[in-house]
Each structure stands twice: as structure tokens, then as C-alpha cells.
Number of protein chains: 2
Amino acid sequence: MAKIEDVAKHAGVAPSTVSYVLSGKRSITQETRQRVLASIRALGYQPHAGARALASNRSNVVALVVPLRTGIHVPVIMQFATSVVIAAREHDHDVLLLTQNEGEAGLRRVAGTSMVDAIIVMDVELHDPRVPVLKDLDRPAVLIGFPADPDGLTCIDLDFTAAGAACVDHLAELGHRRVALIGSPPEVYERETGFASRTTAGFTEAAARHGIAASVHACEATQAGAQKVATELLAEHPDLTAVVVHNEPVVAPLLAAFREAGRSVPDDLSVVAICPDELAEYTMPALTSVAIPAEEVGRQAVGLLMAKLNGRKAPGATLLSPHLTVRASTAPPQ
Amino acid sequence: MAKIEDVAKHAGVAPSTVSYVLSGKRSITQETRQRVLASIRALGYQPHAGARALASNRSNVVALVVPLRTGIHVPVIMQFATSVVIAAREHDHDVLLLTQNEGEAGLRRVAGTSMVDAIIVMDVELHDPRVPVLKDLDRPAVLIGFPADPDGLTCIDLDFTAAGAACVDHLAELGHRRVALIGSPPEVYERETGFASRTTAGFTEAAARHGIAASVHACEATQAGAQKVATELLAEHPDLTAVVVHNEPVVAPLLAAFREAGRSVPDDLSVVAICPDELAEYTMPALTSVAIPAEEVGRQAVGLLMAKLNGRKAPGATLLSPHLTVRASTAPPQ
DNA sequence: GTCGATCGTCGAAGCGATTCGACGATCTGG
DNA sequence: CCAGATCGTCGAATCGCTTCGACGATCGAC
């Protein structure tokens, strides 16, 4: 493996000059720069990451903590993760993957050993034990999701409050007078994961604003859970003409359950989902939905992190506006 | 941040002694070991990863390359990934996440900069361009999946040939005389991803062995694709009494399609799936299935890697035996 | 009782980069 | 035409750890 000294000799310059060519931190004549670059190519030189990290006090690696738990839609997590990796690479950084189960100790470890320069945490809860740790670590961090007290932190997420409201607005506009929200499994609410409660809040508030009847229902992420909720819902509220679903895995089972109950979508029942576009387009009928912009969130999270790493100020809270796409699953009530 | 020298002073020993306490590479008296460990705790010492990597020529990081492409079931990938992370941590290693899209250059980069000690590659194709790169990199590697020529490589995967055969064996035993395999989307076959063709081979061979009629059908991973295949299949082969499904996303849509076509499972049609247990248990009726042991594969992949890193010899090929669980979706033909 | 091993610890030499101050050479402005 | 900036490059120090050889002390064997 070629070292910087080899390159320097090959190009007839000092090692420091090679370093400056690479980092651009001092000006170098066009001519020597070319000569150095040629030597780098000729020798296939690649700087040693550890040496670099030691000398510069920068590892060019960011940690990404992914959730392992139940009740969260896995493909969305994967979308986040890959978009974070891709965005990080565009900023010349790599991504170290951590799982929830190492918990706070994991954060302490990767920061304490200078393994990573910064941290991205997904699936933040309202009272997340990692938040205080993050605050007292000196490393920049970005949270995907909002804790109860986001002071001094940089957080980003879809504006679920607005998303919940947007669904109701759309349905109200169509003329619906009673709507129901079918949400996450109970454990998600018990954990006080922010996104679930925020959707509920936006949904409820908008319904009140429009003066229409509304109810909220947790739903297990299984086919049986979907069936149960669908049945109960239709029995309890015969006048129900529209539902909002915010729970990816049960979207399809719910549609099936409604169909079996003799309610056709959208003629007898309008359905709006909060889910990734792929899922909404994949079902039959295609669903009117508010997209979960996983890729956008991942990309922006990295952007915020880089801003902080480079000493720029980053906004404390970033809420992405929801975008509702009308597809085939909503219509005026009959 | 405390350094090893601080710990050494605090404990009244030489820095090297601290290092040996941590690494266990030389014997240390019980007493000084305790003293050193106490100082480490007192100062909250955490070794600098970069310095360590530089001096020891070991980063204690493994790279994991995850696929980004279509036609592969995302939750399974995520299961692999998390089990790799967890297993790696048990061996005191971390995981650097790479995506397919950096391709071979990414492998060269992380190996060349000594960022990682070893590499795990998922979703290997029969003629994977990364294989030659892996061979010429000096770093140990483990492939999840098998290329056409696995010589000199360490590969691990579920034995899909045996899995395909196991499904047929089970159906033949029940008395079925015509079976169909509903497989991956066409693009997966075109890529020559090993697992798809191996399942097909095992399926076909077993059917021949039992002397029963068999056909194989690619299937787009959409609801429409499922519907189409189901309809065509039933029209083409009126005597069909059993199907094997090896394509997670369409499992539920297929079941729905069969039901709509008036075929009830398992009375009119037996269904065996090759999919994660969670999915098989989640549907109604619960599916007889061969599990995709993602977690086991991830864990063993890490084990193999560690063996190689520690100079032990690792087997070239590891094929995990399939395990078929009988649930409610298979029965003798009527 | 002595000699060679073994044990526990130390000191110093790297590992391979970055970065700071220094230093000629070239510009610039008055 | 000269003082002071600026530019391009160099050399040396430094980052924090591991590891090798050395060395006194303890041990076991004869």
C-alpha cells in the first residue's frame, strides 16, 4: 500500500504538499498539482483512514441509529437508511450502522472513541433516553422525529400534524361528515412515538375545524388486527364514509376487509393513507395518500449534519410539508 | 478526552501496560490489572479508534454492502443487516454500511483506505462484477448468495435448491399431481440472481423425481402482477391443485386473487411459501412455508468472517438446510 | 546453589497522515 | 526601487495507540 511519502518522492515534493493537494487547504501551482495527482494515480495511492482521523481529528464517518422495534414499517426505515448513505457519500462521508439495541452506550462508544464525527438517530420518542446523551455528547446530531423537548437539538420529520389535517381537509372538501383514523399499534402510542400522536392531533383538530365527526383507532399490524378494527368500526359507526389509514402493513388487509364487508372503495367508503407512494400506487384501487418522503428526510438530515460539522448554524426544527396526492380511493359520499 | 498516557499516569504504570491490560496480549498481574481498570473507569477512558487502527493495522470495522434494487424483499434485507450488526458487535466489530450504487469502487475505497478489515456482500449474482474485485482485494470477504464460480470465496445462503425441493416433497406426499412455482419478477431471473434459479432447479428436479407435472412462472411484485399470474395459471392448468410461492410481496395478493377466483385455500388449492416466518404466520390462513433464516445467515456470515480475520480456515460454501413448517395452507387434493 | 526459563513491566520506535511556522520568491503600491 | 504582502513549498512536530525488544525478578530443575 502506497503511503503519502511514496507519492511525495514520486512527484518530487514534500509529503505536506501532497496533503495540501488533496485537501485544498493551501494554494498549489497548477503544475505541481498535476504532477502530484499523476503520481497518486500512478501509485494507486489511497490515504489511510485511521492515520487521517488521528491527525485531523475527523473520521468522516457519521453514525446512523436504526430502530429494531415492532410497529414501524421496515421498508420506510430502509429507505431512510439508503438515502442517508447516498447523501453522506456525496459529502465524502461514510455511514456506520448502529442498532437501537446498543442503546445509549452505543452512542457513547462511537462518539467517545472518535469513530464518528456526527450522529443521526431515527425513530425518536417523545421521552427518548438517548436525547440527554446526545445533548451531552459534543458531537453534532440530527434526530429524525421529535422528542418532547427538542431544545438545543436539530430535528427533522414530515409534519405529521399537517399530514393528518390534510387528509381530513381533503375528505371534508369531498363532503364527508364522519371520518375515522386507523393508526399504529397500541405499543407505538404507549412509547409515545411522536409521529403517531402528531398525526392524531392534526386529524382531530381538522375534524373539529370542519365540524365533522371523528374517531381514532389503534390497530395491530396484522391481518387479524385489520379485520377486527374494520369490523368494529363499521358496526360502531354505520354512518362512516371515510377512513384515514396511518399504518402501512394493514393498508392492504384493511382494503380486503372492507371489500368483504361489502363496502366498495371509493363508492361506499373513501380511504386516504399516510404511506410511501409506492405502497399507495401498488394497491387496487390506487390510494389517495400523503407520502412519507423518506428519501427527502434522509437527504436533508445529512445536509443539516454537514452544516453543523462545518460550523454553520442549522435550524432547530425542520418540518416537511405534507403533499397529498389524489388517486382512486376517494370520492364524495353517496 | 483522556488518553492512554493519562490512564498510565493515574495507575502508575507505563502506557504499554495499559494497552496490554486492554488487549490481553501479555500477562499482567491481577493486581496491576485491577488498578489499571480502575483508572480507566475513573477517567472514562476510551481508546481513539483512529490511533488504534493506525498502530494495529486493524479497524475493527466490517463493511456490509446492501442491495438497493427492485425485486428483492426489503424486510428480509433489513433482517440480514440488523443481525449482521448485532453479531459483529458481539465480536467487538462495527459495521460500515455501503449501498450497491457505489459498486466496485466502493469496495476498493473502503478496503484501500483501511477503513474496514473485511467485507460482507449481500445479494450476489451469478456473474457479479464485484466478485473479481473481492478476490483481488486482500481483505477477507463473505458473500451472502452464490456466484457462478465461488472458488476461493466464502459463501453462505439458504440452500434454495433444497428449499424448492422440500416444498414439492411436501406437496407430493399430500398427493398433489400438478404443482406450479410462482417466483420472482423477470428482472431477477435476467440478473441471474442465484437464489431464484436454484429454487427453480430444486423445484423442477423434485417434481420430476416424484413424477408430477410442474410449471414455473415469473411474477411482478405488484398486486396487478399477482392477479395476472393467478388468472393465467388457473386458466392454463385447470388440474392445478398446489402452488409454491417464492416472492414475498405477492403472497397476500395471490391469496386474495385465488379467493376471488373461487379457489379456497387449502381445500381447493394448497399453497406453500418460501418466505420469512413472520409473513407466513401473518396471513390467513397461516401458510405452510420454508423459512428464510435471515438472522441465522447474518450471524453465521459474521462468524465466518471472524474466523478468517483470526487466521482460521473457513469453509468455502455454507448451505443452510431449509426447514419446512406445516401450517394451515396445505392439504391433500380433493 | 546455580543456570536458564518464564513472568511482568517498561521504554521507545513506529503506524501514516495533517498542520503550523518558516522561508525564499514573486508581487504590489507608493 | 524598495518595503511589505502574498504565494508556493518545505520540514518538523504531532495525533494516540500498539508492539517489540530489553530487563530485573521470580521460578523450577538439576
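- You'll find that the side chain of B/K25 is closest to D/dT19, out of D/dG16, D/dT19, C/dT19.
- Residues from residues 3-12 of chain A that place a heavy atom under 4.0 Å from any atom of DNA chain C, listed by number: A/K3, A/I4.
- The side chain of A/I28 approaches D/dT9 more closely than any other nucleotide in the set D/dT9, C/dC15, D/dC10.
- Residue-level contact check: B/T32 touches the backbone only, with heavy atoms under 4.0 Å from sugar-phosphate atoms and none from bases.
- In this structure, B/H48 places its NE2 atom 12 Å from P of D/dT18, rounding to the nearest Å.
- Mapping B/L22 and A/T17 onto DNA chain D via the closest heavy atom, the residue that lands nearer the 5' end is A/T17.
- Regarding contacts with the backbone of C/dG16, every side-chain N or O of A/Y45 stays at 4.0 angstrom or more from both OP1 and OP2.
- For A/R52, a side-chain nitrogen or oxygen approaches OP1 or OP2 of C/dT18 to under 4.0 Å.
- If you check every strand for non-hydrogen atoms under 4.0 Å, B/S19 touches a base.
- With sequence neighbours left out, the ring pair (Phe, Tyr, Trp, His ring centres under 6.0 Å) criterion links A/F160 to A/F195, A/H246.
- Across D/dC20, C/dT18, D/dT19, the shortest atom-to-atom separation from the side chain of B/S56 is found for D/dT19.
- Taking the side chain of B/R26 as heavy atoms from C-beta on, and the options D/dT9, C/dT9, D/dG16, the nearest nucleotide is C/dT9.
- Nucleic acid contact class of B/V18 (heavy atoms, under 4.0 Å, all strands): none.
- The phosphate of D/dC7 (OP1 or OP2) has no side-chain N or O of A/S27 nearer than 4.0 angstrom.
- Mapping A/T29 and B/L54 onto DNA chain D by nearest heavy atom places A/T29 at the nucleotide closer to the 5' end.
- Rounded to an integer number of Å, the gap from B/R58 CZ to D/dG16 C1' is 19 Å.
- Listed candidates were D/dT19, C/dC20, C/dA17. Nearest to the side chain of A/Y20 is C/dC20.
- In this structure, B/S16 reaches the bases: a heavy-atom distance under 4.0 Å links it to at least one base atom across the strands shown.
- Here the side chain of A/A55 is nearest to one of C/dA17, D/dC10, D/dG16, namely C/dA17.
- Of all the heavy atoms in A/A314 and A/K308, the pair that sits closest is CB-CG, 3.7 Å.
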